[in-house]
Amino acid sequence: MQKEKNKKQFAGITDEVRCPFCDSAETQREANFGTTLGYAQFYCFHCRTPFEWIKWDEHAPESDLPSFLSIKI
Amino acid sequence: MTQQTFASAKNLPADCRDAVHALLLAMSDTKMFLGFHYGEWTFGTPALEAGIAACCMSQDEFGHLRLLHACLTSQFGDSASTLIEKRALNEFANIACLDRPLAKWADFVAINLFSDGALTVILTGLQKSAFEPVANFVDKMVEEEKHHIRNAQGWFRTLATYNSQTKAALEEASRWALSPTLEWLGPANHAMMQTLEQYGIVNASWETLRQRFLDWVGAFAHDQKIFIGLEQKNGHWTPTFPIDFSKWNPNLRRCALTQPDEKILYHLRGSKNAIFKLGEHN
């Protein structure tokens with residue numbers, strides 16, 4: 001299904017992204033960046049509304065970042 | 001033993017105060033030039049999304065620049081307008097590969113990975129700094145810089161594997177950017193860096209911070225089969241080319257008398273629109 005297929009497309013977003021307007025999970029990533037680097041753009045097929053989603057760090061794979069960013073001080 | 005902290009610059013010992021001031025100036029100059037190049041590459045990128053990312057990173061860098069200038073103003077008596085408008089070209093302490101306009105997309109990717117990456121290593125070195133005004137804002141910068149690193153690594157991988165032309169261009173750009181970036185990081189045994197470590201301004205020795213950068217970019221480029229002039233020795237990556245630090249200037253973080261292109265400063269300062277600058281004609 002399109003929804004399932006698109007959920008895994010964007011590295012860093014592994015959780016289900018729900019529409020902030022109707023709470024539907026029938027969403028699709030439209031672009032990796034929105035108004036800032038920290039946002040991705042999505043589209044909701046249920047209420048037919050585009051929305052921006054913040055790439056919270058806990059959703060992003062730390063393994064893709066250099067190890068110096070994980071050093072505990 | 002509990003590390004002594006410093007609530008303001010006036011509490012710092014004189015040698016440490018000078019070292020912190022010079023480092024913050026060099027960081028703010030580098031962020032200003034990174035912001036310029038990223039902003040300029042809003043257009044002309046290989047993909048629309050790359051332009052959006054460049055524009056976003058430019059906003060981040062100028063936001064960080066404002067924080068650094070606010071710190072330099074409140075703690076060291078500088079003024080943001082003087083730092084941008086009134087300094088001679090040979091007073092800027094940015095990484096030297098940012099001195100000129102970027103000729104091609106591979107140059108952009110190289111400064112994104114090497115120059116922005118080196119600055120991020122130093123930012124992580126300032127986390128939990130004994131100098132509280134810096135410790136207060138550096139975590140936010142590091143969080144935003146993670147996106148820059150992801151962007152740089154993604155494009156580096158893309159150019160490294162797309163075809164022989166993009167790979168060759170990336171290799172050339174990487175070597176072009178790495179040397180001045182290492183020059184800017186400076187000699188780890190310099191008195192300035194040892195002062196920063198001694199007073200807990202940085203959370204690790206300068207050699208450790210420098211090596212973290214080299215180990216990251218060395219292994220990363222090696223994985224992509226891009227030779228950037230680093231080799232692995234005893235588990236660590238080291239340059240295969242010499243860097244002569246004998247004439248290294250700690251205030252400019254340069255080995256030679258290089259300076260930014262006047263045209264870039266003309267744009268950065270908004271000189272063309274000087275008559276519209278509010279509050280400067282009274």
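Everything quoted here is computed from the prediction, not taken from an experiment.
B:Asp60 touches chain A through its side chain: at least one heavy atom from C-beta onward sits under 4.5 Å away, while N, CA, C and O do not. Contacts of B:Gln59 with chain A are made by side-chain atoms alone, with heavy-atom separations under 4.5 Å and no backbone atom involved. Within the 4.5 angstrom heavy-atom criterion, only side-chain atoms of B:Gln153, from C-beta onward, approach chain A.
Counting heavy-atom neighbours within 6.0 Å of B:Phe227 CZ, excluding the residue itself, gives a total above 12. In this structure, B:His190 places its NE2 atom where more than 12 heavy-atom neighbours from other residues, nucleotides or ligands lie under 6.0 Å away. Residue-environment remark: NZ (B:Lys128) stays at or below the threshold of 12 foreign heavy atoms within 6.0 Å.
For the side-chain contact (heavy atoms from CB on, under 4.5 Å) test with A:Leu69, the passing option among B:Lys146, B:Glu145, B:Arg212 is B:Lys146; the others fail.
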- [ ] Go through the steps to decide whether A:Phe68 and B:Asp215 satisfy the test side-chain contact (heavy atoms from CB on, under 4.5 Å), and finish with yes or no.
- [x] CA-CA 10 Å; A:Phe68 70 82; B:Asp215 287 346; over 6 Å; no
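Here the closest non-hydrogen pair linking B:Trp216 and A:Pro66 is CD1-CB, 3.3 Å.
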